[in-house]
Number of protein chains: 2
Amino acid sequence: MDVGKWQTIFGRYEAASFTVNKRFGSLVKEKLQDVLTIDQQMTLSYIKRFGSCTTTELAEAFCVNKSAITAIVTRLNEKGYIHRDRDEKDRRIVYLRLTEEGEKVFQWADEKVFEVVSPYLKIFSEEEIETFLKLYEKLASVSNEGAGEEK
Amino acid sequence: MDVGKWQTIFGRYEAASFTVNKRFGSLVKEKLQDVLTIDQQMTLSYIKRFGSCTTTELAEAFCVNKSAITAIVTRLNEKGYIHRDRDEKDRRIVYLRLTEEGEKVFQWADEKVFEVVSPYLKIFSEEEIETFLKLYEKLASVSNEGAGEEK
DNA sequence: GTGAACAGTTCAACTCTTGAACTAGTTATT
DNA sequence: AATAACTAGTTCAAGAGTTGAACTGTTCAC
């Protein structure tokens, strides 16, 4: 394939991801009202998935500085959704866990996001969605390689 | 398909888009250095695509309040990348256009974004990328329907 | 035991965002 | 023509997320 063709493909990808991200982002934000921001929801989601995790882990997953995570976690902690537990053996490490309240609000928020997004996924046939996800996951997987170097 | 299956699909979609967006976002940001933020780049890109546009148009496309656009445009204007031209007939309307400098910096930034993203797209076969884009564009298209109501 | 490395936090400065209040211009109504 | 209603855009205060530098504690290696 020549250069021009790749530019066309890039342009199409750019346009599609722009639209999907802005639209979904806006709908999700609206659904979560003043309870959680999108970043707060994603933070709870990540911690929930792994049971507990550290600031450093979150910073790597979110591709941001650790201080950005500290800020988000502090807000979630003030709202009573997250615990900060120091490791007994290595006292530098702080484990982040959901509180009871945090579990509840995460459940609620995840349901809301599902309600917003799933109707749009349901317009696809079972075969289409499988094909799409396989390719999207492939993209996610390669974009994740060589992840150690930056930040 | 039953509910559980849709939840699985939703989870897979959530995970893939999270990874791709965070990774690409981080790489693009790094490439654009202190010249442009991602939102500024997307704003220049949108204006470039349509030749000129208004604050209201941008706000709808980006799914944000008009005042958010005013802020971004003001910064781009201070940097000398954007003109504000009042419509002669309807003097409420302000047309936003790229300056010479704006055209140049957009060209540069678009090239940078292309350099970051295209290597990851190139791992797909021609058939795969076409299938993926068709489905992604379908998702973009349906997510864009019913766009008039909100905000 | 000292110095290097690491985990996490604090801080100032910036960008983006909202929502309310506002200016200025246009359209509709009577 | 005068008033009211609407529209385009801006300003402002407040809040969220981000960076990068400087900092506190803690652990590890020599």
Side-chain angles (χ1 to χ4, degrees), chain A residues 21-22 25-44 46 52-79 81-96 148 150-151, chain B residues 21-22 25-44 46 52-79 81-97 150-151:
Chain A
N21 289 333
K22 294 294 186 189
S26 160
L27 293 172
V28 168
K29 186 174 189 175
E30 200 181 350
K31 270 276 183 178
L32 296 182
Q33 300 163 312
D34 293 328
V35 180
L36 289 176
T37 66
I38 290 177
D39 288 277
Q40 288 169 4
Q41 191 276 330
M42 291 193 294
T43 303
L44 293 186
Y46 189 94
S52 83
C53 73
T54 65
T55 301
T56 304
E57 251 174 272
L58 277 168
E60 274 166 19
F62 283 65
C63 304
V64 294
N65 277 2
K66 288 187 289 181
S67 53
I69 300 298
T70 297
I72 294 174
V73 167
T74 297
R75 277 174 215 118
L76 286 168
N77 179 251
E78 279 163 2
K79 290 187 187 180
Y81 299 152
I82 281 185
H83 268 164
R84 278 176 159 125
D85 298 331
R86 283 222 114 83
D87 186 317
E88 285 307 315
K89 292 178 184 166
D90 186 341
R91 298 194 50 74
R92 290 171 300 181
I93 300 170
V94 175
Y95 293 114
L96 305 169
E150 48 265 347
K151 305 266 158 175
Chain B
N21 289 332
K22 293 295 185 188
S26 161
L27 293 172
V28 167
K29 186 173 189 176
E30 200 180 350
K31 271 277 186 181
L32 297 182
Q33 298 162 314
D34 294 328
V35 181
L36 290 175
T37 66
I38 290 178
D39 288 277
Q40 287 168 4
Q41 192 277 330
M42 290 192 295
T43 304
L44 293 185
Y46 190 95
S52 83
C53 73
T54 65
T55 300
T56 304
E57 249 174 275
L58 277 168
E60 274 167 18
F62 283 63
C63 305
V64 294
N65 277 2
K66 287 188 289 181
S67 53
I69 300 297
T70 298
I72 294 175
V73 167
T74 298
R75 278 174 214 118
L76 286 168
N77 180 252
E78 279 163 2
K79 290 186 187 181
Y81 299 152
I82 280 185
H83 268 163
R84 279 178 159 121
D85 299 330
R86 284 221 113 84
D87 186 317
E88 285 306 316
K89 292 177 182 165
D90 185 341
R91 298 195 52 73
R92 290 171 301 181
I93 300 171
V94 175
Y95 293 115
L96 305 170
R97 288 187 238 273
E150 49 264 350
K151 305 267 158 175

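Just so it is clear: chains get the letters A, B, ... in the order the sequence lines come, proteins before strands, and each one is counted from 1.
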4.5 Å side-chain heavy-atom contact, Met42(A) and Asp39(A): yes

So what does Thr70(B) hit on the nucleic acid, given a heavy-atom distance under 4.0 Å: a base, only sugar-phosphate, or nothing? base

Please confirm whether any donor atom in the side chain of Ser67(B) sits under 3.5 Å from an acceptor in the base of dG19(C), or the reverse. yes

Please walk me through it: do Arg92(B) and Asp90(B) pass salt bridge (Lys or Arg N to Asp or Glu O under 4.0 Å)? CA-CA 6 Å; Arg92(B) 290 171 301 181; Asp90(B) 185 341; 2.8 Å; yes

Does any part of the side chain of Glu30(A), heavy atoms only, come nearer than 4.5 Å to the side chain of Leu27(A), both counted from C-beta? yes

Any Thr55(A) side-chain N or O less than 4.0 Å from OP1/OP2 of dT9(C): yes

Are OP1 or OP2 of dC16(C) and a side-chain N or O of Thr37(B) less than 4.0 angstrom apart? yes

dT7(D) base to Arg92(B) side chain: any donor-acceptor pair below 3.5 Å? yes

Using a heavy-atom cut-off of under 4.0 Å over every strand shown, decide if Ile72(B) touches base, sugar-phosphate, or nothing. sugar-phosphate

Touch class at under 4.0 angstrom, heavy-atom based, for Thr74(A) against every strand present: nothing

Looking only at heavy atoms, what is the nearest atom pair of Thr70(B) and Arg84(B), with distance? O-NH2, 3.7 Å

Does dT15(C) have OP1 or OP2 sitting under 4.0 Å from an N or O in the side chain of Arg75(B)? yes

Reckon Arg86(B) has a side-chain N or O less than 4.0 Å from the OP1 or OP2 of dA24(C)? no

